[in-house]
Amino acid sequence: QVQLVESGGGLVQPGGSLRLSCAASGSIFNIYAMGWYRQAPGKQRELVASITSGGSSNYADFVKGRFTIARENAKNTVYLQMNSLKPEDTAVYYCKLFVLGYWGQGTQVTVSS
């Protein structure tokens with residue numbers, strides 16, 4: 001059983017920054033790719049960014065140049081640095097452990113003045 005716990009969400013003004021963290025339990029974290037998804041009210045959950053076990057990353061077009069995904073295997077943690085936030089980035093953000101399909105409980109990000 002793997003547990004994923006997100007943190008770091010909150011209320012931020014447009015143009016601001018937040019860093020989300022996702023801490024995983026267990027010793028298998030290092031060998032799997034991880035991803036950050038988001039779901040806005042009334043919309044489907046969408047992939048924001050992903051990172052392989054070796055550290056290669058990919059981003060959705062709508063966050064390229066603004067968000068950065070990173071992982072620290074020694075701490076079983078994956079991060080999402082979000083800069084230049086826009087109101088349309090408002091959503092619940094979830095991390096996911098690929099292959100096994102585990103999800104975290106989500107953390108709310110609200111971008112508003």
Side-chain angles (χ1 to χ4, degrees):
Q1 186 75 12
V2 175
Q3 289 189 324
L4 303 175
V5 179
E6 299 101 333
S7 60
L11 173 64
V12 64
Q13 292 187 343
S17 298
L18 284 174
R19 188 177 80 154
L20 306 182
S21 300
C22 173
S25 64
S27 60
I28 62 171
F29 173 82
N30 296 355
I31 64 175
Y32 292 110
M34 299 285 296
W36 283 98
Y37 288 73
R38 69 185 187 186
Q39 187 167 20
K43 295 187 176 181
Q44 289 190 336
R45 193 171 296 189
E46 58 186 359
L47 179 63
V48 175
S50 63
I51 188 166
T52 67
S53 58
S56 296
S57 57
N58 281 288
Y59 299 90
D61 286 344
F62 51 80
V63 302
K64 279 182 180 177
R66 300 189 298 125
F67 291 11
T68 303
I69 190 170
R71 66 190 297 160
E72 192 170 359
N73 288 339
K75 294 186 176 181
N76 283 5
T77 301
V78 62
Y79 304 97
L80 186 68
Q81 177 67 44
M82 304 185 296
N83 299 329
S84 301
L85 283 161
K86 305 175 182 180
E88 52 263 44
D89 294 318
T90 295
V92 179
Y93 284 71
Y94 300 88
C95 65
K96 182 180 181 180
L97 181 72
F98 290 152
V99 178
L100 298 182
Y102 288 104
W103 290 91
Q105 83 288 350
T107 184
Q108 177 71 46
V109 172
T110 303
V111 185
S112 175
S113 55

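The basis for the numbers below is simple: all heavy atoms, side chains too, and nothing from hydrogens, waters or symmetry mates.
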Of all heavy-atom pairs linking L47 and A60, the shortest is O-CB, 3.5 Å
So, do T90 and Q108 sit near enough that their side-chain heavy atoms are less than 4.5 Å apart? yes
d(L80 CG, Y59 OH) to nearest 0.5 Å is 8.0 Å
Which atom pair, heavy atoms only, marks the closest approach of Y32 to L100? CE1-CD1, 3.9 Å
Output the distance between atom CD (Q81) and atom CG (L20), rounded to the nearest 0.5 Å. 9.0 Å
side-chain contact (heavy atoms from CB on, under 4.5 Å) evaluation trace for L97 with M34: CA-CA 5 Å; L97 181 72; M34 299 285 296; 3.1 Å; yes
Test of understanding: clusters of I, L, V, M, F, W, Y form through side-chain heavy atoms closer than 4.5 Å, transitively. Do L18 and V63 belong to the same one? yes
Answer yes when D89 and K86 have at least one side-chain N-carboxylate O distance shorter than 4.0 Å, and no when they do not. no
Cluster question for you: counting only ILVMFWY and a side-chain heavy-atom cut-off of under 4.5 Å, with indirect links fine, are F62 and I51 together? yes
Taking CD in Q105 as the centre, count heavy atoms belonging to other residues, nucleotides or ligands within less than 6.0 Å. Is the count above 12? yes
Which pair of heavy atoms, one from T77 and one from S21, lies closest together, and at what distance? CG2-CB, 4.3 Å
Linking I/L/V/M/F/W/Y whenever any side-chain heavy atoms sit under 4.5 Å apart, do Y79 and Y37 land together? no
side-chain contact (heavy atoms from CB on, under 4.5 Å), that's the test. Do N76 and S25 meet it? Break it down for me. CA-CA 7 Å; N76 283 5; S25 64; over 6 Å; no
Would you find more than 12 non-hydrogen atoms of other residues, nucleotides or ligands less than 6.0 Å from E88 atom CD? yes
Gap between atom OG of S113 and atom CG of L11 - 0.5 Å precision: 9.5 Å
What pairs with S17 under side-chain hydrogen bond (donor to acceptor under 3.5 Å, both in side chains), at least two apart in sequence or on another chain? N83
Kindly state whether the ring of F67 and the ring of W36 have centres lying under 6.0 angstrom apart. no
How would you list, by chain and number, every residue that makes a side-chain hydrogen bond (donor to acceptor under 3.5 Å, both in side chains) with E46, sequence neighbours excluded? R38
Report the residues that fulfil side chain to side chain contact (heavy atoms under 4.5 Å, CB included) with N73, sequence neighbours left out, ordered by chain and then residue number. F29, N30, R71
Between CZ on residue F98 and OG1 on residue T52, distance to nearest 0.5 Å: 10.5 Å
Will you find, in the side chains of E6 and Y93, an N or O donor that is under 3.5 Å from an N or O acceptor? no
Tell me every residue that passes salt bridge (Lys or Arg N to Asp or Glu O under 4.0 Å) with K43, counting only those two or more places apart in sequence or in another chain. none
Where at least one partner belongs to residues 41-81, residue pairs that pass disulfide (SG to SG under 2.5 Å), sequence neighbours excluded: none
Quick check for you: to the nearest 0.5 Å, what is the distance between C95 atom SG and I69 atom CD1? 9.5 Å
The side-chain hydrogen bond (donor to acceptor under 3.5 Å, both in side chains) partners of R45 (sequence neighbours excluded) come to Q39
Closest approach of P14 to S112 (non-hydrogen atoms, all atoms of both residues): CD-C, 3.6 Å
